[in-house]
Amino acid sequence: SHSSKRNFNCFIRPRILLTGLRRSGKTSIQRVIFTKMSPSQTQFLESTPHLTLNQFSCGSFINFQVQELPGQLQVFTSGHNSGSGGNSGLASSYDDDTMTSMVGGGYDMERLLKRCNAVVYIIDAQDDYSESIVRLNVIIQIGRRVNPRIRYEVFIHKVDQLSDEAKTETQRDIHNQVRDRFADTVGGGDMWSSTSNTPNTNPQDILINFHLTSIYDHSIFEAFSKVIQKLIPQFGHLERLLNYLLLTSNIDQAFLFDVQTKISIATDSSPTDMQMYELCCDMIDLLINMSEIYGKPNDDNVRTINDDDDDDDDEYINERENLNNDDNEQHEWNIDTQNDPYDENNVQVNDLRNNSYIHSPLGTTPVINNQHSSLIETTNEPASAVFDSMSSSVIKLTGGRALYLKEINRHLALICILREEALTKQALIDYNVRQLKKSIMKLFRLNHPTSRPPVSSPNIV
Amino acid sequence: MMRKKVLLMGKSGGGKTSMRSIIFANYSAKDTRRLGATMDVEQSYVRFLGNLILNLWDCGGQEAFMESYFATQKDNIFKNVEVLIYVFDIQSQEVDKDLHYYQSCLESILQHSCNAKIFCLIHKMDLISEEMRTTIFTERENILQDLSKPLQCSCFRTSIYDETLYRAWSQIVYQLVPNVKGLEKTLENFAEIIDADEILLFEKATFLVISHCTRKEHRDSHRFEKISDIIKQFKLSCSKLAAAFQSMEVRNSTFACFIELCTPNTYVMVVISDPTISSEVTLMNIRSARKVFEKLEKDGVRS
Ligand SMILES: Nc1nc2c(ncn2[C@@H]2O[C@H](COP(=O)(O)OP(=O)(O)OP(=O)(O)O)[C@@H](O)[C@H]2O)c(=O)[nH]1
Ligand SMILES: Nc1nc2c(ncn2[C@@H]2O[C@H](COP(=O)(O)OP(=O)(O)O)[C@@H](O)[C@H]2O)c(=O)[nH]1
Ligand SMILES: [Mg+2]
C-alpha cells in the first residue's frame, strides 16, 4: 500500500495562466520574481512568441505552474460554443495585426481555462488599455462557461511611472470598464463579485481582483503572494498556526516567506500593509546577501544540521513522478476534465533531454509549425546554499519595534514583527517558533504520504 | 572643524545630483527621476564623521554654465579643490565634446589645485547589457587616462542601481578621512581581543566604509561596497516606516555578524565565525570599545 500511495500525487500544483497583451510585462514579471533578474535588465528581454510553461516550487511543498500565453497569439474557442455574436467580433479585434504569423498555430482558450486555477492578467497601465480589457473580457466569458471556479487576478502593471492619484484613477477606470463591458455582454451586473474574499456561494460569481503592480518595487511580489495564498489549501491552517504564535509569544505580526521568491505563502489574520511586507522582503535580502558574503556554503554541514523533516531525496522523487503523473491532481484541482484527452506532457515539447516534438501544443489542430511549441523551465533549487537551519536575524528599530527572522525549512523563513520588550523573552519566542516549525512540517506531511522511515542519519549533530 | 572641497562636474543629465543625493541625502535610485537640471553651482555641506565637513560643489552641466566655469568663474571654482569627480554619461551622443570639457577642467585644476585627486566615473552602466560592460569600460578608461596626463585619474564604472556606486564613493571618501592609520590600528587591537574575522567601520550617514581590519582572508574583494549597498537599501526601507535601525544581528551555521552604533558618527560591524562565542559576549565587547573610538575620532580631527 505504501507504494500505491507513492503514486498518488501529494504536491499542490495550482496552475496559473499568465496572459496579457504583448509587451505588457509577462516575461519580465516571471524573470524578476523567479530568476532574480534585476528590473532594469528586463528591457533587454525579447518577446516570447509562443506559449511557455514554467514550473516553480515555493516553500518546497508548493509547486505551481505558470503558463505564459502571449497576447499576440490567436486564441480560438473550439467551434461548438463560440456563442454570442459579440464574442467572435471582439476576438478578432486583437488578432488582426498578428494573423500573418499565426498560420497553422493557435491555442484553445477553453482548454487552457479548463485546466487552470487562476488567470493572472497583465494590463500595461502606461499604454492605452481598452484593447487589453476587451481581451480580458473574452477570457472571462469563456472562463465563466468552462470553469466558473477560476480566479481572475488583474495586474494593473507598470504603475511605477504614475502618481498616487493616477494609480487610484487608473484602477477605478479599469475596474469600471471591465465591469461595464462584462455587464453588456452577459446582460446584467448581478453576476459580479469584485472581491475575492467573498466565498464562492453563487457559482455565477466572477472572482476578480485588481492589483497595482510594478517590477521596480515590491508591489509585484506582494500581488503574486496574494495570488498564491488563495491557491494554497493549507492557507487557513497556516494562518491559524501563526495566530497562535502571536498569542503565545507577544508578537504583533507574522509572515511565512518563501526565501527564494519572496512570496509570502501565509500571514497571520491581522491586516498587513505593503510597507511591512516590503520591510520583511528587505530583511530576507539582507540576511541572504550578508550570508553570501560571510557564510560558507558548506554542503555537508548544511545537510546534516538540517531538520530531519526535510528530506531531499523524497522531494525529488516526487517531483519526477509529478511530471509524469498528472491525472490525480486534476481531480483535485480542476473540474470537468475527466474526458479531456489533453496531457500536459504534450506541452513539454522542448524537454531538454529528448528533443522530440510531440503532438499539438494545446491546440486541437495538429502542429504544423514548430515555433509554436513551448519550453519547460524548472526552478527547484534550494533557496540558497547559505540559508541553513541556523539562519536567523534580529533587527532593532527606533521607536521600540523589532524584527525577528528564523529558518523553518530550507525554503521557508518566518518573520515576526514585535515590540522590543517582547524580545527580552527571546528564549520563549525561540521555543514557540520551534513548536510552530514542527506543526508546519506535520501539516505538510499530511499531504505528503511518502513519509520516510525514521531518520537514522549517523551524521546528525 | 575641517572643511574639504569636492568638485562634481560633467555633462547635464549625467547623474551628478543623483549620485550625491543617494550617497548623502538618503534618496533611493527611483527618487532621482524627479530631479531637475542643476542651475549653476549648487553647494552643499555634508557633515561627515562629525568634525569633518565635506563641501560639495555640484556644478550644473548645461553648456552655458560650463563655459562660464572656465571663464569668469574659473578662480572661484577651481581653487582649493581637494577632490575632482568628473562624471561621464555612457549614453552621451557627444563623446568628443565631453572629452573636450574634461580637458578644459583638467587644465584649470592643474593651474589652481594641482594636488587634487581626480576621479572619473563612467556612469549609467546599467544601460549597457552585462556582457558589454567590461569592454566598453576598459576602452573609456584607456582614453581618459591618456588624456589626463600628466595628472593621474582613477576611473570607476558606476550605476545608481547597484553597488558600483558605493565602490567608487568609498574610494573617494577614503582620501578624505583624517587619521586613517590610527583608526586601523585601533580596529586591529579590538579585532584581536574579541577574536573577530573582520571588523568594518562605517560612516553613519552614508554607510561608506571608512576603515577596516581583516584577520581572515576573504574571497570577495568587492564585499565592502556590497555591504554598504545592502545596508543602505535596508536603511531606506526602514525610513519608509519612519524608522531607522539601531542594531542588527545576522547569522547562519558558519558565521555571526553584528552591526551596532559605535560613536555618534559611526557604526561598527563585527564578523565572527567561532560559534562558541555567544551574542551577549560580543555585544558587551562592542559596547565597551565605544569609548576608545570616540576619543580617537576627536583626536583624529585635531591632528
Ligand atoms: N539608468 C540610469 N539613470 C541614471 C543613473 N544615474 C542618474 N540617472 C538618471 O539621470 C537623470 C539625470 O540625473 P541628474 O542627477 O539630474 O543629472 P546631473 O548630472 O545632475 O545634471 P545637471 O544638473 O543638469 O548637470 C535622472 O533622471 C536620473 O534618474 C544611472 O546610473 N542609471
Ligand atoms: N516601467 C516599467 N516597465 C516594465 C515593467 N514591467 C515590464 N516592463 C517593461 O516592459 C517591456 C516588455 O516586457 P516583457 O516582459 O517582454 O513583456 P511580455 O511581452 O508581456 O512578456 C520590457 O521593456 C520591460 O522592461 C514595470 O513594472 N514598469
Ligand atoms: Mg544636477
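Chain naming here is simple, since letters A, B, ... match the order of the sequence lines and numbering starts at 1 in each.
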Is it possible for you to check whether K262(A) lies under 6.0 Å from the centre of the six-membered ring of F221(A), through NZ or CZ, and within 45° of that ring's axis? yes

Can the ring centroids of H218(B) and Y294(A) be said to lie less than 6.0 angstrom from one another? yes

Would you confirm whether the ring centroid of H123(B) sits within less than 6.0 angstrom of the ring centroid of F88(B)? no

Bottom line for L403(A): the part with an atom under 4.5 Å from chain B's heavy atoms is side chain

Are R287(B) and F258(B) in a cation-pi contact, defined as NZ or CZ under 6.0 Å from the six-membered ring centre and within 45° of the axis? no

Quick check: are there more than 12 heavy atoms from other residues, nucleotides or ligands sitting under 6.0 Å from OH of Y27(B)? no

Only pairs of heavy atoms separated by less than 4.5 Å count here; which of D285(A), N289(A), L279(A) has the most with chain B? L279(A)

Using the benzene-type ring in the case of Trp, are the ring centres of F207(B) and F224(B) under 6.0 Å apart? no

Mind checking which of residues 130-137 of chain B sit less than 4.5 Å from chain A, heavy atom to heavy atom? E130(B), R133(B)

Specify which of A29(B), S247(B), A256(B), C257(B) makes the most heavy-atom pairs with chain A at under 4.5 Å. S247(B)

Apply side chain to side chain donor-acceptor pair (under 3.5 Å) to D126(B) and S159(B), showing your working. CA-CA 6 Å; D126(B) 58 286; S159(B) 160; 2.9 Å; yes

Cut-off 4.5 Å, heavy atoms of chain A, and the answer for K30(B) is side chain

Is chain A contacted by the side chain of L127(B), its backbone, both, or neither, given a heavy-atom distance below 4.5 Å? both

Side chain, backbone, both or neither: which part of V271(B) has a non-hydrogen atom closer than 4.5 Å to chain A? side chain

Centroid-to-centroid, F24(B) to W169(B), below 6.0 Å? yes

Walk me through whether S273(B) and K216(B) qualify under side chain to side chain donor-acceptor pair (under 3.5 Å). CA-CA 10 Å; S273(B) 58; K216(B) 200 168 176 186; 3.2 Å; yes

Answer with side chain, backbone, both or neither: which region of I272(B) has an atom nearer than 4.5 Å to a non-hydrogen atom of chain A? neither

